[in-house]
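Since the structure comes first, as structure tokens, the remarks are kept for the end.
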There are 2 protein chains.
Amino acid sequence: MISATEITKFGAEKLSFQKDEYIFREGEKALYYYQVASGEVKMNNYHEDGKEFIQAIFSAPRSFGEPPLFAEIEYPANAVAVTKAEVYRIPKKEFFKWLLANPSIHLQVSKGLATRLHYKAIMASELSQQNPENRILRILDYLKQQAKHSSKKHTFKVDLTRQQIADLTGLRVETVIRTIKSLAAKNEVEIIERKVYR
Amino acid sequence: MISATEITKFGAEKLSFQKDEYIFREGEKALYYYQVASGEVKMNNYHEDGKEFIQAIFSAPRSFGEPPLFAEIEYPANAVAVTKAEVYRIPKKEFFKWLLANPSIHLQVSKGLATRLHYKAIMASELSQQNPENRILRILDYLKQQAKHSSKKHTFKVDLTRQQIADLTGLRVETVIRTIKSLAAKNEVEIIERKVYR
DNA sequence: ACTCGTTTATGATTCCAGTCATAAAATAAG
DNA sequence: CTTATTTTATGACTGGAATCATAAACGAGT
């Protein structure tokens with residue numbers, strides 16, 4: 001969201017996290033603006049039965065964890081490093097000082113919020129109907145479009161495990177495996193060396 | 001979001017809609033900021049099978065339809081009057097001029113976006129697991145908290161039909177009816193004259 | 001090359017929300 | 001008041017994703 005040069009100018013700390021390390025946890029007070037510098041970060045929830053739900057996966061230079069700063073609420077989900085990752089961090093107070101001094105950056109941040117709201121609206125609608133094929137295709141199409149990838153058929157490599165797709169769509173691994181196979185049979189996706197192409 | 005006196009000062013139009021009338025439609029270009037003056041407005045999608053999904057229901061003085069202004073995308077859902085309703089409308093250009101001139105209002109708008117994102121994140125997580133009881137309770141709890149209602153048990157009257165709850169949770173009416181009965185038996189809600197209290 | 005943990009794969013079975021049909025109760029319209 | 005429409009309610013049946021079990025294929029590490 002914010003250029004690397006500019007963010008360091010603003011006194012951001014750069015933190016390192018190992019794979020599977022927590023950056024913050026659900027229920028904690030929101031104190032910082034975060035932005036991915038390298039690697040990947042996911043936000044997730046766990047249901048009572050232990051089943052994971054992945055709200056989103058972020059890679060550089062996306063920001064995350066800022067909505068609770070605005071809404072003045074606790075974190076509604078955990079942030080966890082999916083891979084070894086580096087993250088910029090700016091204290092809440094500094095962040096707001098900065099926004100007020102830079103209306104155009106504030107607008108960028110608002111745009112980021114609106115974009116994520118859009119994604120969530122689409123996913124909520126898709127999750128509400130239980131059809132596994134649509135759930136999976138929507139996630140894949142979203143990722144493809146996010147990656148600003150050409151819209152050519154079966155050229156976008158989906159870099160997610162079947163389990164991650166399951167956790168993003170609320171399905172079970174077995175269902176994802178079976179559904180992706182059936183989608184491949186319908187020529188909606190292609191499977192090459194176990195990787196999914198959309 | 002914005003006070004009635006202030007919004008008229010800013011040259012907002014006030015429009016009237018009959019029950020079930022469309023304010024805008026999915027896929028249209030976003031040209032205005034909207035705010036409810038009276039009545040209720042819902043945003044919804046229709047699946048291929050004709051099943052409705054209600055993204056949210058708004059009443060005064062909540063704003064709606066502004067995320068696409070920021071994200072510069074088409075409307076991802078329809079806006080429809082649930083009851084006879086009045087709505088303020090400000091052209092996109094004026095809206096942004098206004099935001100840039102009033103950083104504190106821009107902050108309010110960002111807060112509104114963040115709050116809705118929060119709601120959607122919770123609902124997405126809840127929709128992803130198929131347990132009907134949790135889906136319904138989450139919606140009810142959210143509405144109760146939104147109404148800034150006391151947290152006393154079974155004092156909040158849910159002013160939704162079973163069908164609306166179904167469309168908000170992605171369940172079927174029959175399932176909602178049966179699940180609410182079973183929730184009443186477990187003392188999670190109370191049913192008085194067919195109305196649900198949480 | 002071998003071991004261990006992860007990921008993908010497949011079959012059999014269960015369970016529960018969806019579906020369909022039908023109707024009573026409540027509310028709106030005339 | 002009477003009729004029409006909407007909302008709530010119930011029972012019987014079905015379908016399909018979850019669940020459980022088991023195993024093959026792959027990748028990381030030694």
Side-chain angles (χ1 to χ4, degrees), chain A residues 18-20 42 47-54 82-84 126-140 157-186 189-197, chain B residues 18-20 40 42 47-54 80 82-84 126-140 157-186 189-197:
Chain A
Q18 296 304 313
K19 180 167 153 50
D20 293 329
K42 71 179 170 187
H47 295 134
E48 303 104 76
D49 59 0
K51 192 179 168 189
E52 179 180 7
F53 177 70
I54 300 178
V82 179
T83 62
K84 191 169 162 25
E126 219 52 49
L127 288 170
S128 78
Q129 58 151 12
Q130 71 294 21
N131 181 343
E133 297 202 348
N134 290 339
R135 290 199 192 190
I136 292 174
L137 287 179
R138 272 285 186 282
I139 280 281
L140 301 188
K157 184 181 177 185
V158 179
D159 201 15
L160 293 172
T161 66
R162 306 290 193 269
Q163 182 63 59
Q164 286 177 321
I165 295 175
D167 293 339
L168 282 161
T169 52
L171 299 167
R172 307 252 85 145
V173 211
E174 299 94 321
T175 305
V176 170
I177 290 168
R178 287 189 248 254
T179 306
I180 286 181
K181 291 215 156 169
S182 114
L183 285 171
K186 291 174 184 169
V189 300
E190 202 170 339
I191 304 176
I192 303 173
E193 285 171 15
R194 306 178 138 209
K195 280 287 157 198
V196 181
Y197 291 80
Chain B
Q18 296 304 313
K19 179 166 153 53
D20 295 328
E40 287 188 328
K42 71 180 171 186
H47 294 134
E48 303 104 76
D49 60 359
K51 192 178 168 190
E52 179 181 7
F53 177 70
I54 300 178
V80 184
V82 179
T83 62
K84 194 170 159 24
E126 220 52 50
L127 288 170
S128 79
Q129 60 151 11
Q130 70 293 24
N131 180 343
E133 297 201 347
N134 289 339
R135 290 198 193 191
I136 292 175
L137 287 178
R138 272 284 184 285
I139 280 281
L140 301 188
K157 183 180 175 184
V158 179
D159 201 15
L160 294 172
T161 66
R162 306 288 194 268
Q163 182 62 59
Q164 285 177 321
I165 296 175
D167 293 338
L168 282 161
T169 53
L171 299 167
R172 306 253 85 146
V173 212
E174 299 95 320
T175 304
V176 170
I177 290 167
R178 287 188 248 256
T179 305
I180 287 180
K181 293 218 153 167
S182 115
L183 286 171
K186 291 175 184 171
V189 301
E190 203 170 338
I191 303 176
I192 302 173
E193 285 171 14
R194 307 179 138 206
K195 279 286 157 199
V196 181
Y197 291 80

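Throughout, protein chains are lettered first and strands after them, A, B, ... in sequence-line order, and every chain is numbered starting at 1. Side chains included, hydrogens not; waters and symmetry mates left out as well; all remaining heavy atoms used.
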Which protein N or O atoms sit under 3.5 Å from an N or O of nucleotides 23-30 of chain D?
residue, atom, partner, partner atom, Å
D/dA25, O4', A/R194, NH2, 3.4

Report task. For A/R135 and A/L171, run side-chain contact (heavy atoms from CB on, under 4.5 Å): C-alpha distance rounded to whole Å, both residues' side-chain angles, the deciding distance at 0.1 Å, then the answer. Result -> CA-CA 9 Å; A/R135 290 199 192 190; A/L171 299 167; 3.9 Å; yes
Heavy-atom side-chain contact between [X] and [Y] under 4.5 Å:
X: B/Q164; Y: B/K42; result: no
X: B/I165; Y: B/V173; result: no
X: B/K51; Y: A/S128; result: no

**Report entry** Verdict with supporting geometry, A/I139 and A/V158, side-chain contact (heavy atoms from CB on, under 4.5 Å)
**Finding:** CA-CA 10 Å; A/I139 280 281; A/V158 179; over 6 Å; no
Length of the [atom1]-[atom2] vector between [X] and [N], whole Å:
X: B/E193; N: D/dT7; atom1: CD; atom2: P; result: 18 Å
X: B/D159; N: D/dT7; atom1: CG; atom2: P; result: 12 Å
X: B/L127; N: C/dA17; atom1: CG; atom2: C1'; result: 15 Å
X: A/I191; N: C/dT8; atom1: CD1; atom2: P; result: 10 Å
X: A/K195; N: C/dT6; atom1: NZ; atom2: P; result: 16 Å
X: A/L160; N: C/dT7; atom1: CG; atom2: P; result: 12 Å
X: A/I136; N: C/dT8; atom1: CD1; atom2: C1'; result: 14 Å
X: B/N131; N: C/dC15; atom1: CG; atom2: P; result: 16 Å

Query raised in the report: At what distance, to the nearest 0.5 angstrom, does OG1 of B/T169 lie from CG of B/N134?
Result: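 The CG atom of B/N134 is 12.0 Å from OG1 of B/T169, to the nearest 0.5 Å.
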Report summary line: What residues 176-185 of chain B contributes to the DNA chain D interface at heavy-atom separation below 4.0 Å is B/I177, B/R178, B/K181
Query - Check ion pair B/R138-B/E126 (N to O, under 4.0 angstrom) - result: yes
Would you tabulate the side-chain donor-acceptor contacts of residues 189-197 of chain B under 3.5 Å, counting partners in other chains and residues two or more places apart, or write 'none'?
residue, atom, partner, partner atom, Å
B/E190, OE1, B/H154, ND1, 3.2

Query raised in the report: Does anything in residues 166-185 of chain B pair up under salt bridge (charged side-chain N to carboxylate O under 4.0 Å, His left out), and if so which pairs, sequence neighbours excluded?
Result: none
Query raised in the report: So does A/T175 get a side-chain nitrogen or oxygen closer than 4.0 Å to the phosphate oxygens (OP1/OP2) of D/dA18?
Result: yes
Query raised in the report: Considering the terminal five base pairs at each end of the helix from C/dA1-D/dT30 to C/dG30-D/dC1, what angle separates the two local helix axes, rounded to 10°?
Result: 60°
Requested in this report: Could you identify which residues of residues 165-172 of chain B place a heavy atom less than 4.0 Å from some atom of DNA chain C, listed by residue number, or say none?
Outcome: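 Per residue number, the list reads B/G170, B/L171, B/R172.
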**Report entry** side-chain contact (heavy atoms from CB on, under 4.5 Å) assessment of B/F53 paired with A/Q129
**Finding:** CA-CA 9 Å; B/F53 177 70; A/Q129 58 151 12; over 6 Å; no
Query - Nucleotide nearest A/E174 (side chain, heavy atoms from C-beta), chosen from C/dT10, C/dT8, D/dT8 - result: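 Of the options given, the side chain of A/E174 lies nearest C/dT10.
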**Report entry** Full working for side-chain contact (heavy atoms from CB on, under 4.5 Å) between A/N131 and B/D49
**Finding:** CA-CA 11 Å; A/N131 181 343; B/D49 60 359; over 6 Å; no
**Report entry** Option from B/T175, B/L168, B/T179 for which side-chain contact (heavy atoms from CB on, under 4.5 Å) with B/I136 holds
**Finding:** B/T179
